[in-house]
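Reviewing the structure listed below.
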Amino acid sequence: MTASGKRTAYVNARLLDPASGRDGPGALLTEGTQILDLGPDLFADGVPEGIEQVDCNGHCLAPGLVDGRVQLREPGGEHEETIATAGLAAAAGGVTTMLCLPNTQPVIDGVALVELVKRRAQEANLVNIHPYGALTKGLAGEQIAEMGLLAEAGAIAFTDGTATVCNPMTFRRALNYARSFDLLLVQHPEDPDLAKDGAMNEGELATRLGLPGIPTVAETILVERDLALLASTGGRLHIAHLSTKDAVAAIRQAKARGLAVTCETAPPYFALNETAVGDYRTFAKLSPPLRSEEDRLAILEGLRDGTIDAIASDHAPHDQDSKRLPFVQAENGIVGLETLLPLTLELFHNGTLPLLRALETVTCAPARIFRLNAGTLAKGEPADLVLFDLKKPGKIDVEKFRSKSKNSPFDGRPVQGRVLQTVAAGRTIFARKN
Amino acid sequence: MATAYSAALMAKLPAKIPFPHPHLLGIEGLLADDISRLLDLSESYVEQNRQANKKRSLLQGRTVINLFFENSTRTRTSFELACKRLGADAINMSVATSAIKKGETLLDTAMTLNAMHPDVLVVRHPHSGAVKLLSEKVTCAVINAGDGSHEHPTQALLDALTIRRRKKRLQGLRVAICGDVLHSRVARSNIHLLNTMGASVRVVAPETLLPIGIERMGVERFHNMAQGLEGCDIVMMLRLQHERMNGSFIPSSKEYFHFFGLDAAKLANAKPDALILHPGPMNRGVEIDSEVADDIGRSAIHEQVEMGVAVRMACLDVLVGPTASDRKAAS
């Protein structure tokens with residue numbers, strides 16, 4: 001494939017590779033679907049004939065983003081998103097690999113569904129899509145799903161999606177069972193009894209708004225329980241979308257003890273706090289809910305010290321009808337594929353993280369957690385790239401989203417940095433006009 | 001082959017078989033010598049069971065009660081035949097007809113039966129330790145025919161006899177015990193016996209079916225059949241109960257068979273002459289494929305059943321036969 005593939009030279013770039021620590025001017029050559037070469041001296045004497053040339057004009061060339069948590073809504077919710085529209089949104093957002101949750105209709109708890117998603121992804125022919133398999137049958141939290149067969153079919157990890165596996169015996173057996181096959185489990189950490197009927201973060205604001213609260217302990221108790229279970233079984237656990245100070249502290253301690261746990265957060269948990277709910281704005285209704293400023297600062301600290309390994313968009317498309325409802329009745333979640341990069345770059349622009357560390361959380365860190373061949377700029381690696389203008393100011397505009405759903409609380413937010421071009425498997429899948 | 005070697009063995013057998021235990025409650029605690037002598041004696045009964053006249057009067061006048069608190073066909077039948085072939089009177093009591101159903105405790109049942117002066121109680125019970133508890137209250141010998149997930153000593157002995165006849169030894173063999181080790185008394189008894197006799201034992205199953213600390217019983221843990229069966233002389237499959245198949249311990253029988261069911265491809269990792277054992281009854285298509293279960297060159301499953309009767313005759317003999325009586329009189 002590579003020997004006969006088309007060659008493209010990306011010259012005059014600022015090469016950014018978090019995995020190797022590379023940050024400097026240079027060029028990169030792709031052949032077919034792979035990176036053939038890169039470096040500061042490549043094409044110093046010009047690009048030879050026969051190689052297509054892309055002038056990066058000094059902009060940043062980084063590995064395509066790896067988004068570890070996306071809901072595609074296909075099959076079953078195609079009015080909100082499809083594999084094709086999510087692919088377009090991902091491409092526009094610089095995301096070249098995404099992992100999709102199994103909470104579709106029907107649920108991805110059988111080999112046939114894994115194969116369906118993979119086939120539909122091939123037909124869409126945009127970004128790499130890896131489905132999660134259900135951790136329990138029907139996401140019902142009781143009987144462990146056919147993880148071995150699902151993994152053989154291509155399921156990348158196992159989760160009940162936006163549902164928590166509450167029964168500790170079921171989760172312990174699942175950890176043990178997954179360990180037999182060296183599989184990764186992913187938990188949505190929220191105790192459903194403590195979160196029951198809740199609509200936003202518990203506290204003064206919820207009290208003033210008269211909305212039922214979800215206490216932070218709903219997250220903490222589940223995280224601490226799962227860490228205790230993991231300590232008793234061994235195996236690999238990844239905890240999704242951390243939102244609380246106490247959960248960050250629990251994972252920090254667990255990592256210090258040597259537990260094989262990883263975790264991620266999502267942009268709303270470091271870019272917003274509960275005040276975004278404001279006057280009952282359902283676009284700021286999430287699961288877990290937006291938390292207090294103290295929690296938000298703890299998430300930033302977790303990203304700084306590496307307790308939080310990665311950032312995922314937690315892309316959750318919803319149509320207008322699901323959000324234009326009284327706050328308590330509205331659906332949870334926001335779309336995130338097209339805002340993942342600019343919101344992550346905020347962490348650099350506001351001085352929270354060095355640029356390479358910010359990029360690491362959306363490239364090689366998730367790739368390492370999910371053991372994907374992605375997220376690095378190196379010879380022989382897949383030619384999955386994003387070219388972006390780091391400085392360019394602009395505003396997030398949901399009307400320009402490629403995603404079918406526009407439910408984002410970030411509409412109108414001023415950001416710096418925008419995607420110019422996205423390349424997946426050597427092929428340009430997005431190029432910004434003008 | 002058994003005939004030729006049995007005659008020679010008969011001549012070598014000691015006139016008296018010392019078995020320094022009042023009961024057979026488990027393999028744990030037996031010495032290699034105890035086990036070897038039981039197996040040697042069993043050999044003579046294999047021979048006897050193949051004659052036209054299978055009956056001897058060694059235990060004439062003795063009474064054996066088979067007390068089964070758990071359903072069983074093959075073990076109970078095997079014990080009953082063993083009794084009859086040695087001339088003892090055998091009574092079968094199963095839970096369906098017993099006083100337990102009327103609310104009597106285990107120990108009251110035991111004392112009631114004990115008052116009838118049996119010589120042996122053969123007991124199976126769904127709870128671990130129940131047979132030992134019963135043995136402490138009665139004046140006759142007790143044979144454990146399986147207690148909960150604890151021990152099933154006659155099964156381990158019959159497995160050992162089957163292996164020893166085919167492989168001519170136990171020492172140095174590599175044995176894989178595959179499947180639901182967590183709930184298996186057969187696995188525990190076999191682990192004790194094989195380790196005592198110098199075999200090396202490994203267990204192969206998904207982590208959910210391997211009990212915590214099993215490696216401290218002297219086994220290696222494996223989660224992969226290909227690796228677990230590598231270089232094995234013996235592949236011992238365990239039965240998977242239906243109630244464990246649907247998501248509690250394993251996701252499905254389909255997934256279990258795919259990864260842990262013994263088929264020709266997985267068996268190819270064992271030695272070319274590896275022997276397959278299964279305590280029965282088999283779930284074809286769950287833990288074992290018919291192709292290997294029915295391969296008479298590889299599968300010793302029917303031979304195990306035959307050895308079962310001989311082993312149980314030997315156990316009755318050493319506990320209450322004339323040899324044992326002489327010994328007790330002398331002591």
Side-chain angles (χ1 to χ4, degrees), chain A residues 102 107-114 132-155 157-160 163 165-185 228-237 260, chain B residues 149 176-184 187 202-216 219-230 238 240-263 265-266 269 285-287 289:
Chain A
V107 165
I108 305 178
D109 65 357
V111 166
L113 267 293
V114 173
Y132 282 95
L135 199 161
T136 66
K137 291 176 189 169
L139 309 180
E142 292 304 322
Q143 301 173 332
I144 52 180
E146 291 172 333
M147 292 189 235
L149 293 171
L150 288 165
E152 274 195 351
F158 296 85
T159 181
D160 273 3
V165 182
C166 324
N167 183 327
M169 180 60 107
T170 303
F171 198 65
R172 184 168 195 244
R173 287 211 183 117
L175 280 166
N176 266 328
Y177 191 76
R179 196 181 138 206
S180 320
F181 299 92
D182 194 21
L183 302 176
L184 177 69
L185 300 191
L229 289 174
L230 181 68
S232 80
T233 59
R236 297 159 59 213
L237 175 65
Chain B
S149 302
I177 303 180
C178 310
D180 187 2
V181 179
L182 179 64
H183 299 97
S184 177
R202 30 177 70 186
V203 289
V204 192
E207 188 65 22
T208 40
L209 295 177
L210 292 179
I212 298 291
I214 188 84
E215 60 282 354
R216 303 283 297 165
V219 300
E220 260 190 286
R221 300 167 84 97
F222 287 86
H223 299 136
N224 176 291
M225 287 287 275
Q227 292 164 11
L229 264 50
E230 183 69 42
L238 298 173
L240 185 68
Q241 303 283 344
H242 287 281
E243 63 268 24
R244 322 234 200 264
M245 289 180 201
N246 292 315
S248 52
F249 292 89
I250 55 157
S252 65
S253 54
K254 180 177 147 203
E255 172 149 330
Y256 188 75
F257 183 69
H258 182 74
F259 292 104
F260 295 98
L262 186 67
D263 56 19
K266 299 191 191 88
N269 294 285
V286 177
E287 71 259 353
D289 188 73

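Just so we're on the same page: letters track the sequence lines, and every chain starts at 1.
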Under 3.5 Å, side chain of Ser180(A) to main-chain N/O of Glu207(B), donor-acceptor pair present?
-> yes
Ile250(B) versus chain A, the contacting section by heavy-atom distance below 4.5 Å | both
Which atoms of Tyr256(B) approach chain A - backbone, side chain, both or neither, heavy atom under 4.5 Å = neither
Straight-line distance of [X] [atom1] to [Y] [atom2], nearest 0.5 Å:
X	Y	atom1	atom2	result
Ile212(B)	Asn176(A)	CD1	CG	6.5 Å
Glu152(A)	Phe259(B)	CD	CZ	4.0 Å
Glu255(B)	Phe181(A)	CD	CZ	5.0 Å

Examine the side chains of Glu146(A) and His258(B) and answer whether a donor and an acceptor come within less than 3.5 Å of each other.
->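 Distance-only check fails for Glu146(A) and His258(B).
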Any side-chain heavy-atom pair from Phe249(B) and Arg173(A) closer than 4.5 angstrom?
->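 Yes - at least one pair of side-chain heavy atoms lies under 4.5 Å apart.
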Got a sec, which residues hit salt bridge (Lys or Arg N to Asp or Glu O under 4.0 Å) with Glu142(A), two or more places apart in sequence or on another chain?
-> none
